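Below you'll find the structure, written out as structure tokens, and then a few comments.
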Amino acid sequence: MIPMAFDYDRPTSVADAVRLLGTHGDGAKILAGGHSLLPMMKLRLAGPERLIDISQIPGMTGIRDDGSHIALGAMTTHRSVAESDLVQAACPALAETAAGIGDMQVRNRGTIGGSVVHADPHADLPALLVALGGEVVAEGPNGQRTIAADDLYTDYLTTSVTPDELVTEVRVPKVRQSAYIKFNRRSQDWAIVGVAAALTDKGARIVLTGVGSTPVRATAAEAAWNGSNAAEAAQQAAEGLNPPSDTSASGEYRSHLARVLTRRALEAAAAR
């Protein structure tokens, strides 16, 4: 289908993009890689009056070592994340997850910032970002602020980033003992259920995707983890869940997958 008519801007600075967002309000949408927004526009599930293309803003791409964490420009592509020597060494789960997103075309054009902020409940990166204890940097008319991943996801396709803010950077702690395991029918499909696990000296952070409207912490499994009991802790992964049923899977099957994939994610993270 053909999208509804829209106006188009290509700002050359973050300040210009923020100004345009403030001027046009809810009628404006940020265009990054476009792999989520454009299909929704073609199906007329979204009809923004104006697209703000941020692809020409300097400094929005790149990966750097920031000591305890890795800083990734919001426009950094999944392919760049997957192939980064720094990411592979410091947080291998992030590189592996990026390498498994969609197909080659999606990885070449899709961006880490776009995926994180789009907040699809079946996406891979939001769950991993929460498990790792990451954060995003957002810039708006009142300046710059940092939002912890734990506070980022508020509802279906909704984050705490305000309509007049632009996410400029994603920050991920260096957690080598981490893993993301997902179940899908084809390699390029969305996860039916996915589990991210990150292990530190503070314990485990286990986050599920595909079981609710936002990434879900498996707090009972986290509490049960003692460093070597993946199978036992994983049995608690579905506690308190009420997963949806749809044409991909029943809620009961999603609960089963949560337990199975949690065990695999814990084992994979602990083995690093």
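In this text, all values refer to a predicted model and were calculated from it rather than measured experimentally.
Rounding to the nearest 0.5 Å places CD1 of I181 at 10.5 Å from OG1 of T262. We find the CG-CG distance between L31 and L51 to be 5.5 Å, quoted to the nearest 0.5 Å. Here the OH atom belonging to Y8 is positioned 11.0 Å from the CD1 atom belonging to I52, to the nearest 0.5 angstrom. Going from atom OG1 of T76 over to atom CD1 of I70 covers 11.5 Å, rounded to the nearest 0.5 Å. Interatomic distance, K174 NZ to C91 SG, rounded to the nearest 0.5 Å: 10.5 Å.
A salt bridge links E165 with R145: at least one charged nitrogen is closer than 4.0 Å to a carboxylate oxygen. Looking at R254 and D246, a side-chain N of the basic residue comes within less than 4.0 Å of a carboxylate O on the acidic one, giving a salt bridge. Salt-bridge check for R259 with E252: failed, with every basic side-chain N at 4.0 Å or more from each acidic carboxylate O. The pair D9-R50 meets the salt-bridge criterion, with a side-chain N (NZ, NE, NH1 or NH2) lying under 4.0 Å from an Asp/Glu carboxylate O. Salt bridge E222/R205: absent, no basic N to carboxylate O contact under 4.0 Å.
In the hydrophobic clustering of this structure, V207 groups with I112; members are Ile, Leu, Val, Met, Phe, Trp, Tyr whose side-chain heavy atoms approach within less than 4.5 Å, directly or through other members. The hydrophobic clustering, which links ILVMFWY residues whose side-chain heavy atoms are closer than 4.5 Å, places V117 and I101 together. Criterion: ILVMFWY side-chain heavy atoms under 4.5 Å apart, direct or through other members. Under it, M75 and I57 are part of a common hydrophobic cluster.
Of the possible polar contacts, none joining the S84 side chain to the V81 backbone as a donor-acceptor pair under 3.5 Å is found. Although no hydrogens or angles enter the test, the distance criterion places a donor-acceptor pair under 3.5 Å between the side chain of T23 and the main chain of R19. Between the side chain of E169 and the backbone N or O of L72 there is no donor-acceptor pair closer than 3.5 Å. The closest donor-acceptor contact from the side chain of D189 to the backbone of R186 lies under 3.5 Å. Using a distance-only test at 3.5 Å, with no hydrogens or angles considered, no donor-acceptor pair links the side chain of T111 to the main chain of A32. Looking only at distances, no side-chain donor or acceptor of R10 sits under 3.5 Å from a matching main-chain atom of S55. Judged by distance alone, the side chain of Q144 and the main-chain N or O of A138 form no donor-acceptor pair under 3.5 Å.
The minimum heavy-atom distance linking G113 with V170 is given by the pair CA-CG2, 4.3 Å.
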Evaluation steps, side-chain contact (heavy atoms from CB on, under 4.5 Å), between H78 and L125: CA-CA 10 Å; H78 303 312; L125 288 175; 3.7 Å; yes
Please assess I206 against R217 for the test side-chain contact (heavy atoms from CB on, under 4.5 Å), listing each intermediate value before the final yes or no. CA-CA 6 Å; I206 303 167; R217 289 277 298 273; over 6 Å; no
